[in-house]
Amino acid sequence: MTHTATGLILWYMRLCGFHGWTSFWGSIYLAPGYEQHAALIRHERKHLEQMQRDGKLVYLIKYSYWLLRYGYRNNPYEIEARAAE
């Protein structure tokens, strides 16, 4: 399910420079103006698929580890999500 981001979620997304964000509770949040951005929606849906495939806890651990090791751009989860765009 996709939602237009507001409040604290929008604040967090802007702080991080994100136009989309996938929550652990299964919602995709899109910045205002990006609600119809098909590639971004596919990217965020891939993150939901990754969480379902690997499990939320494993996803969180691997994402965090890879973020520290490779950085955001080279995080394997992000590479996979960009390929889905």
Side-chain angles (χ1 to χ4, degrees):
M1 173 172 276
T2 61
H3 305 280
T4 301
T6 60
L8 287 175
I9 292 174
L10 181 58
W11 173 84
Y12 170 75
M13 289 170 58
R14 287 181 174 159
L15 180 69
C16 295
F18 297 155
H19 298 296
W21 178 70
T22 303
S23 72
F24 287 129
W25 50 90
S27 293
I28 294 172
Y29 293 90
L30 303 169
Y34 287 86
E35 296 90 348
Q36 302 303 317
H37 196 282
L40 178 59
I41 293 168
R42 287 191 300 270
H43 178 106
E44 297 305 329
R45 283 185 179 159
K46 180 54 73 173
H47 287 314
L48 283 177
E49 182 183 306
Q50 292 164 339
M51 284 185 231
Q52 291 169 352
R53 178 187 70 211
D54 296 347
K56 292 177 183 179
L57 181 60
V58 170
Y59 175 88
L60 177 62
I61 292 167
K62 287 170 78 174
Y63 191 99
S64 300
Y65 172 74
W66 287 339
L67 185 63
L68 291 171
R69 181 161 185 191
Y70 302 115
Y72 176 78
R73 185 99 184 125
N74 294 314
N75 183 321
Y77 279 135
E78 291 299 334
I79 292 170
E80 183 182 0
R82 283 194 305 275
E85 292 177 12

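Throughout, numbering of the chain's residues begins at 1 and tracks the sequence.
A donor atom on one side chain and an acceptor atom on the other are not found under 3.5 Å apart for His47 and Glu44.
Here the closest heavy-atom approach between residue Ile41 and residue Ile28 is recorded as O-CD1, 4.5 Å. Between Gln50 and Ala81, the shortest heavy-atom distance links the atoms NE2-N, 4.1 Å. Between His3 and Ser27 the shortest heavy-atom distance is NE2-OG, 3.4 Å.
Leu30 has its side chain out of reach of Thr4: every pair of non-hydrogen atoms, C-beta onward, lies at least 4.5 Å apart. Using a 4.5 Å heavy-atom cutoff, the side chains of Trp11 and Leu15 are in contact. Arg73 places none of its side-chain heavy atoms less than 4.5 Å from the side chain of Glu78. Annotation: side chain of Leu10 is in contact with side chain of Pro32 (closest heavy-atom distance under 4.5 Å).
Shown here are the side chain to side chain donor-acceptor pair (under 3.5 Å) partners of Ser64, two or more places apart in sequence or in another chain: there are none. Residues passing the ring-ring contact (aromatic ring centres under 6.0 Å, His included) test with Phe18 are Tyr72, sequence neighbours excluded. Partners of Thr6 according to the side-chain contact (heavy atoms from CB on, under 4.5 Å) rule, which considers only residues two or more places apart in sequence or in another chain, do not exist here. With sequence neighbours left out, the ring-ring contact (aromatic ring centres under 6.0 Å, His included) criterion links Tyr34 to His19, His37.
Taking the six-membered ring for Trp and thresholds of 30 and 60 degrees, Tyr63 and Tyr77 have nearly parallel ring planes, at less than 30 degrees apart.
With hydrogens and angles disregarded, no donor-acceptor distance shorter than 3.5 Å links the side chain of Asn75 to the backbone of Tyr70.
Once rounded to the nearest 0.5 Å, the distance linking CZ of Arg53 with CG of Leu48 reads 12.0 Å. To the nearest 0.5 Å, atom OG1 of residue Thr22 and atom OH of residue Tyr29 are 10.5 Å apart. Of the inter-residue distances, the one linking Met1 atom CE with Ser23 atom OG reads 11.0 Å to the nearest 0.5 angstrom. To the nearest 0.5 Å, the span separating CD1 on Ile79 from NZ on Lys46 amounts to 13.5 Å.
For residues 14-43, there are no salt bridge (charged side-chain N to carboxylate O under 4.0 Å, His left out) pairs, not counting sequence neighbours.
Between Glu85 and Arg82 there is no salt bridge, since no side-chain N of the basic residue sits under 4.0 Å from a carboxylate O of the acidic one.
At a threshold of 4.5 Å between side-chain heavy atoms, the hydrophobic network of Ile, Leu, Val, Met, Phe, Trp and Tyr places Val58 and Trp66 in two separate groups. Clustering ILVMFWY residues whenever any of their side-chain heavy atoms sit less than 4.5 angstrom apart, transitively, puts Leu60 in the very cluster that holds Ile9.
Through direct or indirect side-chain contacts shorter than 4.5 Å among Ile, Leu, Val, Met, Phe, Trp and Tyr, Leu57 is connected to Ile61.
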